[in-house]
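Quick note: numbers below take in every heavy atom, side chains included, and nothing from hydrogens, waters or symmetry partners. Note that the structure is a prediction, hence the values are computed from the model and not measured. By convention in this document, chain letters (A, B, ...) are assigned in the order of the sequence lines, proteins followed by strands, and residues within each chain are numbered from 1.
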2 protein chains.
Amino acid sequence: MARAKTTLDPFNAIAEPKRRALIEALVGKELTVTEIVELMGWNQPMVSKHLSVLKQVGLVSEKKEGRYRVYKVDADLLKIIQNWVIQFEPYWNNKLDNLEAYLNQIQAKEVNDE
Amino acid sequence: MARAKTTLDPFNAIAEPKRRALIEALVGKELTVTEIVELMGWNQPMVSKHLSVLKQVGLVSEKKEGRYRVYKVDADLLKIIQNWVIQFEPYWNNKLDNLEAYLNQIQAKEVNDE
DNA sequence: TTTACATATTCCTATATTGGTATATATTTT
DNA sequence: AAAATATATACCAATATAGGAATATGTAAA
């Protein structure tokens, strides 16, 4: 046997950097696909496909408006992630208090990669 | 171009259900590979390989002890996930307060899948 | 110094996944 | 009705997986 299908749960949905970027860009707003295309600088099918994954998972929802589709983030599902991660809080050492530096590093790398 | 390498960041490391299970099983403990094999009921290379990914990411560390390798969880990196997710907390609606039910469902499904 | 044990690694296969291009499907405007 | 616009989908290529089996490597015990 081989890999199992993955993307259709919240953990995998946010594992993709572009999908995280989409969520960041879209949260608290309502944007059409074209607006997202312009904002992100990605091609249209790429945007539609990632949105489709996010929609299937439930992290995003869509509203038809004429020939437009207006997308928005449904952030609630992120509670599932939060819920999983937070159970390990008792085990966090404060050793990694250069976390700030680490995070910046990560972010810099992600920006370069795309 | 095609896919980019994924597993080597915390988001992708925990996207794999087996790796989440490993972290859950191993947190706050120190276990050898064989103990993990018995505990999880997976074959030994599978355990070693998933541990290897977690180790490369930094979510797990290992200590040689004779012919054994003792593994433990380094939970700090999970702060990165927490840090990302928590920025969306202001957007959580309490609409999804059947989250408990949802979570149980997810968990039941995961157990079945493996 | 063999033999047994613990673990990692290599090799292979099947499949999922991202990305790109071209095309189909609405819907609106002219 | 035709053209234009907005979006989704189908198709294709490249590659990264996860999983399994066999093997290599390292260490201890006999």
Can you tell which of [options] lies closest to the side chain of [X]?
{"X": "B/R67", "options": "D/dG26, C/dA8, D/dA8", "value": "D/dG26"}
{"X": "B/R19", "options": "C/dT27, D/dA18, D/dG20", "value": "D/dA18"}
{"X": "A/H50", "options": "C/dG19, D/dA8, C/dT28", "value": "C/dG19"}
{"X": "B/M46", "options": "D/dG20, C/dT7, D/dA18", "value": "D/dG20"}
{"X": "A/P45", "options": "C/dG19, C/dT7, C/dT21", "value": "C/dT21"}

Take the protein atom [atom1] of [X] and the nucleotide atom [atom2] of [N], then report the distance between them rounded to whole Å.
{"X": "B/I36", "N": "C/dA6", "atom1": "CD1", "atom2": "P", "value": "14 Å"}
{"X": "B/I14", "N": "D/dA18", "atom1": "CD1", "atom2": "P", "value": "14 Å"}
{"X": "A/K63", "N": "D/dA6", "atom1": "NZ", "atom2": "C1'", "value": "16 Å"}
{"X": "B/E16", "N": "D/dA16", "atom1": "CD", "atom2": "P", "value": "17 Å"}
{"X": "A/N43", "N": "C/dT18", "atom1": "CG", "atom2": "P", "value": "14 Å"}
{"X": "B/L8", "N": "D/dA16", "atom1": "CG", "atom2": "P", "value": "11 Å"}
{"X": "A/R69", "N": "D/dT5", "atom1": "CZ", "atom2": "P", "value": "19 Å"}
{"X": "B/W42", "N": "C/dT7", "atom1": "CH2", "atom2": "P", "value": "16 Å"}

ask   = If you find the nucleotide of DNA chain C closest to A/Q44 and the one closest to B/Y68, which residue's nucleotide is nearer the 5' end?
value = B/Y68
remark   = By nearest-heavy-atom nucleotide on DNA chain C, the more 5' of A/K49 and A/E65 is A/K49
For residues 62-70 of chain A, run the donor-acceptor check on the side chains, cut-off 3.5 Å, and write out each pair with its distance to 0.1 Å, sequence neighbours left out.
| unit_1 | atom_1 | unit_2 | atom_2 | d |
| --- | --- | --- | --- | --- |
| A/E62 | OE1 | A/K55 | NZ | 2.7 |
| A/E62 | OE2 | A/R69 | NH1 | 2.6 |
| A/K63 | NZ | A/E30 | OE1 | 3.0 |

query = Are B/K18 and D/dG19 close enough that a side-chain N or O sits under 4.0 Å from OP1 or OP2?
reply = yes
query = Looking for any heavy atom pair under 4.0 Å, which part of the strands does B/T32 touch: base, sugar-phosphate only, or nothing?
reply = sugar-phosphate
message = Base, sugar-phosphate or nothing for B/K55? Non-hydrogen atoms, less than 4.0 Å.
response = nothing
ask   = So, the side chain of A/R20 versus the backbone of A/A15: is there a donor-acceptor pair under 3.5 Å, distance only?
value = yes
query = Would you say the side-chain atoms of B/E16 pair up with the backbone N or O of B/A13, donor to acceptor, closer than 3.5 Å?
reply = no
ask   = Do the non-hydrogen side-chain atoms of B/I14 and B/I81 ever get within less than 4.5 Å of each other?
value = yes
ask   = Below 4.5 Å, heavy atoms only, C-beta onward: do A/W92 and B/L78 meet side chain to side chain?
value = yes
